[in-house]
Amino acid sequence: MTAKPTKERMQKEKLYGKTLNELIGVTKRLGMPGFAARQIADWLYRKEISSVEEMTNLSKMMREKLSLEYEIGLSAPENFSKSADETKKYLFKVQNDKYIETAYIPEDDRATICVSSQVGCKMGCIFCMTGKQGFQGNLTSNEILNQFRSLPEFRKITNMVFMGMGEPLDNITELLKSLDILTSEWGYGWSPTRITVSTVGLKASISEFLEKSRCHLAVSLHSPFDDERRKLMPIQRTNSVKEVLDIIRNFDFNNQRRVSFEYILFNGLNDSTRHVKELARILNGIKCRINLIRFHPVPGSPFRSPDMSAVIAFREALNAKGIITTVRASRGEDIHAACGLLSTLELNKS
Ligand code: SF4
């Protein structure tokens, strides 16, 4: 059998997920005219093509040059499950043999996609299935945005949250590239207020994220007490909530930009009036809101979710302290919607 020419065997680089600056680098290197980078960005992010051949305002010679080394680089989800409440959980294969999860959550007047930023996670939060998988790799901006572009519901999506697998700020370079593509006029042109990035509170990267993007920030809090939070979230040992709150206090959030705190309620653990008082104390002076989330039970976990009346009482107590507090509707409980469950099942299968 004759071996294929080297260039055909060579893995092509993916164009989708490249920023305008990176595309300028590609076109310069290939000796293409300066305006070609914007044309390529337009085809990638506005015209939704799936092959280089479709870039018809580039000359045939330029397309041939480009497709020798590059491909668009989109890949459809491998699998999905649909909840009775219409939430869908998609499974994407990345980096050959690994799986990540993406949730599609339709509501009356909007549709939110919850994307992953890493395969597995280093943070080790003890209530999280993704944390139990350990860290397996950072997603590239191609793999982050492919979850959005390759979703069958792509055109219906109005909002994006980085709350899937992984800690987005632990992959800040690829995160910022993705946000650049989503919000730039040469990209998707989204308002940054349609995007929320969630973090456990990595102090080294929070400032960079706040400086370099205008998207909303959501910090996972889960307890206002140091010792208790340390048991739930090991990150508290090196990145205390106090330090994170100091950074947020000193940042000038404009009217449009929002900071919120995510608070998973565990029955009998972090849902007392003592917690309400301490939350009001530590968040004093920060214009924010709290999103309460009922814990999604996961196999083998000792934690339980409080009943709805306890959740409402906790919400009312915080509202009475002047903190705008909402309860996030639990979606897709029947399809393993808790972060990391579906991919763990897939991992175990293989
Ligand atoms: S909750 Fe988020 S940060 Fe914590 S282990 Fe899970 S994926 Fe990582």
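Numbering of ligands and ligand atoms starts at 1, following listing order. Side chains are part of it too, since the values below use all heavy atoms of this structure and drop only hydrogens, waters and symmetry mates.
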Checklist entry - Just which atoms of ligand 1 are under 4.0 Å from any heavy atom in C128? => result 1 (S), 5 (S), 6 (Fe), 7 (S)
Checklist entry - Backbone or side chain, does C121 get an N/O/S atom under 2.8 Å to atom 4 (Fe) of ligand 1? => result no
Next on the checklist: Quick check on contacts: which atoms of ligand 1 are under 4.0 angstrom from a heavy atom of M123?
Outcome noted: 3 (S), 8 (Fe)
Next on the checklist: For H275 together with Y263, are the ring centres under 6.0 Å from each other?
Outcome noted: no
Checklist outcome for this item: Near G166 (heavy-atom distance under 4.0 Å), the atoms of ligand 1 are 7 (S)
Next on the checklist: Could you check whether any side-chain heavy atom of T19 comes within less than 4.5 Å of a side-chain heavy atom of W186, counting everything from C-beta outward?
Outcome noted: yes
Item to check | For V200, atoms of ligand 1 separated by under 4.0 Å from a heavy atom | outcome: 3 (S)
Checklist entry - Do K122 and E167 meet the salt-bridge criterion of a basic N to acidic O distance under 4.0 Å? => result no
Next on the checklist: One thing to verify: whether R29 and E69 come together as a salt bridge, which I'm taking to mean a side-chain N less than 4.0 angstrom from a carboxylate O.
Outcome noted: yes
Item to check | Expected output: side-chain S272 to main-chain R274 donor-acceptor under 3.5 Å | outcome: yes
Checklist entry - Which atoms from ligand 1 have a heavy atom of G124 less than 4.0 Å away? => result 5 (S)
